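Computed from a predicted model, the values in this text were never measured in an experiment. Throughout, protein chains are lettered first and strands after them, A, B, ... in sequence-line order, and every chain is numbered starting at 1.
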Amino acid sequence: QQQVKQSPQSLIVQKGGISIINCAYENTAFDYFPWYQQFPGKGPALLIAIRPDVSEKKEGRFTISFNKSAKQFSLHIMDSQPGDSATYFCAEGAGNMLTFGGGTRLMVKP
Amino acid sequence: KAGVTQTPRYLIKTRGQQVTLSCSPISGHRSVSWYQQTPGQGLQFLFEYFSETQRNKGNFPGRFSGRQFSNSRSEMNVSTLELGDSALYLCASSLAGQQETQYFGPGTRLLVL
């Protein structure tokens, strides 16, 4: 059973817009919350990750916001580009054992 | 630096057969994890190996097994294949104790007929 609820399942954004994907977790014992990007025919690639003692982390156009009290975290993609079109997965983990959300298929229209 | 290598990339088997998938981690990575990816269940953790020992195991039946060799290469085996085992099997490797170094391979796509 999935312990990380991810939404939306799919998202269409115009080029230059902001893409926002949300995740809610249940297990407060986990201390690692990564986001992965997956293109068709490829394995997932780590995009950005955060730990619960930090409320926000930014790397380039990608930002994770973490709300420990609400047990939620989100990915913001600023200035979305057609090359960002992919499936995005959030996850929670302890060590290398990750529990993934169901994925969000993002399409960025030119 | 070469990435995670998985062989074979594609495989077709019939129900009841068994299959062995191979994973070569990034040089220096001693932790290897396996995941199953299906449209219905998404990405699910199978097991993790470190220094030839299984460190964690997901909620899969005993038909799914794995091992790791002294050179950190890993294999997973699925016996008595079922139609529902059709999936993309992904291997990920990482440096010991460094989650942010976890890299996935391209996967092995298994089709069970």
Side-chain angles (χ1 to χ4, degrees), chain A residues 1-10 21 23-27 29-54 57-60 62 64 66 73 86-105, chain B residues 3-7 9-10 21 23-26 29-51 53-60 66 68 72 74 87-109:
Chain A
Q1 62 279 13
Q2 206 172 88
Q3 294 173 316
V4 184
K5 291 183 170 32
Q6 184 172 343
S7 63
Q9 286 187 310
S10 62
I21 306 171
C23 280
Y25 65 95
E26 296 174 1
N27 194 329
F30 291 147
D31 63 353
Y32 178 62
F33 298 87
W35 283 90
Y36 280 82
Q37 179 190 57
Q38 186 176 29
F39 292 104
K42 304 284 187 183
L46 179 63
L47 201 56
I48 186 172
I50 200 168
R51 298 199 182 269
D53 54 346
V54 176
K57 184 176 181 180
K58 183 176 180 180
E59 289 184 2
F62 302 93
I64 298 180
F66 191 88
F73 58 113
T87 300
Y88 292 80
F89 295 93
C90 63
E92 60 176 1
N96 287 321
M97 189 173 74
L98 297 176
T99 300
F100 284 88
T104 296
R105 187 169 290 185
Chain B
V4 178
T5 305
Q6 291 189 246
T7 56
R9 292 292 312 278
Y10 304 93
L21 312 181
C23 172
S24 292
I26 292 172
H29 285 196
R30 293 169 58 196
S31 172
V32 174
S33 301
W34 288 89
Y35 290 82
Q36 181 196 63
Q37 186 173 25
T38 61
Q41 299 299 315
L43 275 157
Q44 293 185 287
F45 174 81
L46 279 157
F47 28 64
E48 179 197 6
Y49 286 86
F50 179 77
S51 292
T53 302
Q54 187 178 88
R55 195 152 67 168
N56 288 296
K57 189 177 192 305
N59 189 25
F60 278 82
Q68 186 180 33
S72 296
S74 178
L88 180 67
Y89 290 89
L90 292 157
C91 167
S93 75
S94 67
L95 291 168
Q98 297 185 40
Q99 296 158 310
E100 291 88 349
T101 64
Q102 187 168 90
Y103 292 91
F104 280 82
T108 293
R109 187 163 295 280

Please flag which part of [X] lies under 4.5 Å from any non-hydrogen atom of chain A: side chain, backbone, both or neither.
{"X": "B:Arg109", "value": "neither"}
{"X": "B:Gln102", "value": "both"}
{"X": "B:Leu90", "value": "side chain"}

Is there a donor-acceptor contact under 3.5 Å from the side chain of [X] to the main chain of [Y]?
{"X": "B:Gln6", "Y": "B:Gly107", "result": "yes"}
{"X": "B:Tyr35", "Y": "A:Leu98", "result": "yes"}
{"X": "B:Ser93", "Y": "B:His29", "result": "no"}

Establish, from distance only, whether the side-chain atoms of B:Gln44 and B:Gln37 form a donor-acceptor pair under 3.5 Å.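 No - no donor-acceptor pair under 3.5 Å links their side chains.
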Measure distances from A:Pro44 to the heavy atoms of chain B and classify the residue's part below 4.5 Å as side chain, backbone, both or neither.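 The answer is both parts of A:Pro44.
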